[in-house]
Protein chains: 2
Amino acid sequence: MKRKQGRPTAKAPILTRQGILNTALRLVDEKGVNALSMRRLAVRLGVDPMAIYHHVPNKQALLTGLVQVVFAELEVPSAGGQSWQDQVRAVARAYQQLAHRHPNLVLYLATDIETAAGAALETTEALYQALAGAGLPPRLVLQAADLIVDYVNGFALAEVAGPLGQPGERQVLIDQLNRHAPDAFPVMRQLFASLTEAELRADFEAGLTFILAGLERFGRG
Amino acid sequence: MKRKQGRPTAKAPILTRQGILNTALRLVDEKGVNALSMRRLAVRLGVDPMAIYHHVPNKQALLTGLVQVVFAELEVPSAGGQSWQDQVRAVARAYQQLAHRHPNLVLYLATDIETAAGAALETTEALYQALAGAGLPPRLVLQAADLIVDYVNGFALAEVAGPLGQPGERQVLIDQLNRHAPDAFPVMRQLFASLTEAELRADFEAGLTFILAGLERFGRG
DNA sequence: ACCTGAACACCGTTCAAGT
DNA sequence: ACCTGAACACCGTTCAAGT
């Protein structure tokens, strides 16, 4: 824990854009996006609230900065010798796991497309490449990529959802069911009754499996 | 424009939960969710801000109230004589159009699952019924329904996205591309070059088509 | 029962000032 | 160049008060 000699000015500013973003990200990961205020962040940084504005123009920019930081964690899966199906799965999984690691930011990851597009160019290229490798014509490549991205975003959002915390996933629906007459909604009732706890859990890979099966019908001729 | 005689008390309160929700929904539809504050809403209602608290416990409840109001607009498509594919399409479309009508609320529609589950029980039943009609085993019915809901939510979110307004959909990506060397991201480049403006637009039905094709592989035996 | 009004503890951001 | 501090125009919500 050595300290530089001399007064810590000019060459060694107290605050740094990177340092601010790192602290902000930790704050968001721990307490959620609503806990991120310029003033609370300043407390964590041990600094006057207004000092932050010297490194970040405003709160909006702070949030897009966080989106950039998070997307920088996304590494492109290498395409080496895998089937196009496995390549698509790898890309989708990489993004899904990213979202899973920063649940409180999912909304912004999904919503700030300008920043996301810039930060995920390589991943997007990898996805398009895999889909082109499936033999899909150009237009369907685009449509398939959209489907996959929308699915991942929707899945990630559902994982985060619930007004308080998360009740046991499907439990919410079952509770709602129990408020109605026992002969109402027979299909749902029978469905839930016939499945185990584990089978009721949301399954990211299952959705991908359906999508890939659909894509296979349109590729290669 | 007749007015009741006598002083308008007791039997005819100025404020009503329904009236508050309607005004709030109009405010959100027009100016976005950030424009919805208890104080601004009070101005629109011509009332002291605190008057609202007599009918709605807090702002959170106001928002879940809006989700309920919006979901109440969702009408279940009748299953009459259609293929299961058309039934699935009809349900998905109904929800997508609902989201499209209230873009500023999409986040809450997708995220407040407790309220959504209660308000959309009939629609969910219709979806499960259609998927069971496809011959999917119970577990796959659930997974397929999740895929469809996640896709619709993701699609709706993408429609709303963008930090400011919406630039021309795909334009964002193309702009990002142009900041890089002309030999970077060749697959994307060729893709965009080969498609017309119209073909670049997001296509909700196309995603559904892929999903349905995938489901057909797992149904009926 | 229903609405008002002052008050409290928060926000983001501007602007002038310090070193 | 970098940080501080007061100030402004907002928030959601509590609580006492009016009718």
Side-chain angles (χ1 to χ4, degrees), chain A residues 3-25 27-28 30-67 104-105 107-108 112 163-164, chain B residues 3-25 27-28 30-67 104-105 107-108 112 163-164:
Chain A
R3 272 185 188 257
K4 288 258 178 61
Q5 305 260 333
R7 57 195 160 96
T9 45
K11 287 270 87 166
I14 296 170
L15 249 36
T16 282
R17 187 183 140 89
Q18 262 310 313
I20 292 171
L21 289 177
N22 289 340
T23 303
L25 182 56
L27 184 59
V28 168
E30 287 168 22
K31 315 262 186 182
V33 119
N34 285 337
L36 177 66
S37 75
M38 301 302 267
R39 297 169 115 108
R40 228 186 299 223
L41 180 56
V43 171
R44 282 227 180 178
L45 290 165
V47 106
D48 184 278
M50 297 312 110
I52 297 169
Y53 283 86
H54 226 272
H55 303 264
V56 172
N58 51 43
K59 192 180 178 180
Q60 181 57 242
L62 190 66
L63 282 164
T64 74
L66 291 184
V67 173
N104 297 333
L105 242 106
L107 170 64
Y108 291 87
D112 188 350
L164 321 158
Chain B
R3 273 184 187 259
K4 290 255 177 62
Q5 304 260 335
R7 57 196 160 94
T9 44
K11 287 270 90 166
I14 296 170
L15 249 35
T16 281
R17 188 182 140 89
Q18 262 310 313
I20 292 172
L21 290 177
N22 288 341
T23 303
L25 183 56
L27 185 58
V28 168
E30 288 169 20
K31 315 260 187 184
V33 121
N34 285 336
L36 178 67
S37 75
M38 301 302 269
R39 298 169 113 108
R40 229 187 298 225
L41 180 56
V43 171
R44 282 228 181 177
L45 291 165
V47 107
D48 184 278
M50 297 314 111
I52 297 168
Y53 283 86
H54 226 270
H55 304 263
V56 172
N58 51 40
K59 192 181 178 179
Q60 183 55 244
L62 190 66
L63 281 164
T64 75
L66 291 185
V67 173
N104 297 333
L105 254 143
L107 171 63
Y108 291 85
D112 188 349
L164 321 160

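Chain A is the first sequence line, chain B the second, and so forth, proteins listed ahead of strands; every chain is numbered from 1.
Closest heavy-atom contact between A/Leu66 and A/Leu25: CD2-N, 3.7 Å.
The phosphate of C/dC3 has OP1 or OP2 within less than 4.0 Å of a side-chain N or O from B/His55.
By the side chain to side chain contact (heavy atoms under 4.5 Å, CB included) test, A/Ser37 is found to be paired with A/Arg39, A/Arg40, residues two or more places apart in sequence or in another chain being considered. With sequence neighbours left out, the side chain to side chain donor-acceptor pair (under 3.5 Å) criterion links B/Arg17 to B/Gln68. For the side chain to side chain contact (heavy atoms under 4.5 Å, CB included) test, no residue two or more places apart in sequence or in another chain qualifies with B/Val43. A/Arg44 pairs by the side chain to side chain donor-acceptor pair (under 3.5 Å) definition with A/Glu30, not counting sequence neighbours.
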Classify every nucleotide of nucleotides 6-19 of chain C by which part a protein heavy atom approaches to under 4.0 Å, writing B for the base, S for the sugar-phosphate alone and - for neither, in 5'-to-3' order.
BB---BBBB-----
Got a list of side-chain donor-acceptor pairs under 3.5 Å for residues 46-54 of chain B, not counting sequence neighbours?
{"residue": "B/Asp48", "atom": "OD1", "partner": "B/Met50", "partner atom": "N", "Å": "2.9"}

Would you write the dot-bracket representation of DNA chain C, where each base gets (, ), [, ], | or . depending on whether it forms a Watson-Crick or G-U pair under 3.5 Å and with which partner?
||.|||||...|||||.||
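In this structure, the side chains of A/Leu41 and A/Leu62 come closer than 4.5 Å at one or more pairs of heavy atoms.
Checking C/dG5, D/dC2, D/dT4 against the side-chain heavy atoms of B/Asp48 singles out C/dG5 as nearest.
For the pair A/Ile14 CD1 and D/dC2 P, the computed distance is 11 Å after rounding to whole Å.
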Go through the steps for B/Asn104 and B/Asn34 under the test side chain to side chain contact (heavy atoms under 4.5 Å, CB included), then give the verdict.
CA-CA 9 Å; B/Asn104 297 333; B/Asn34 285 336; over 6 Å; no
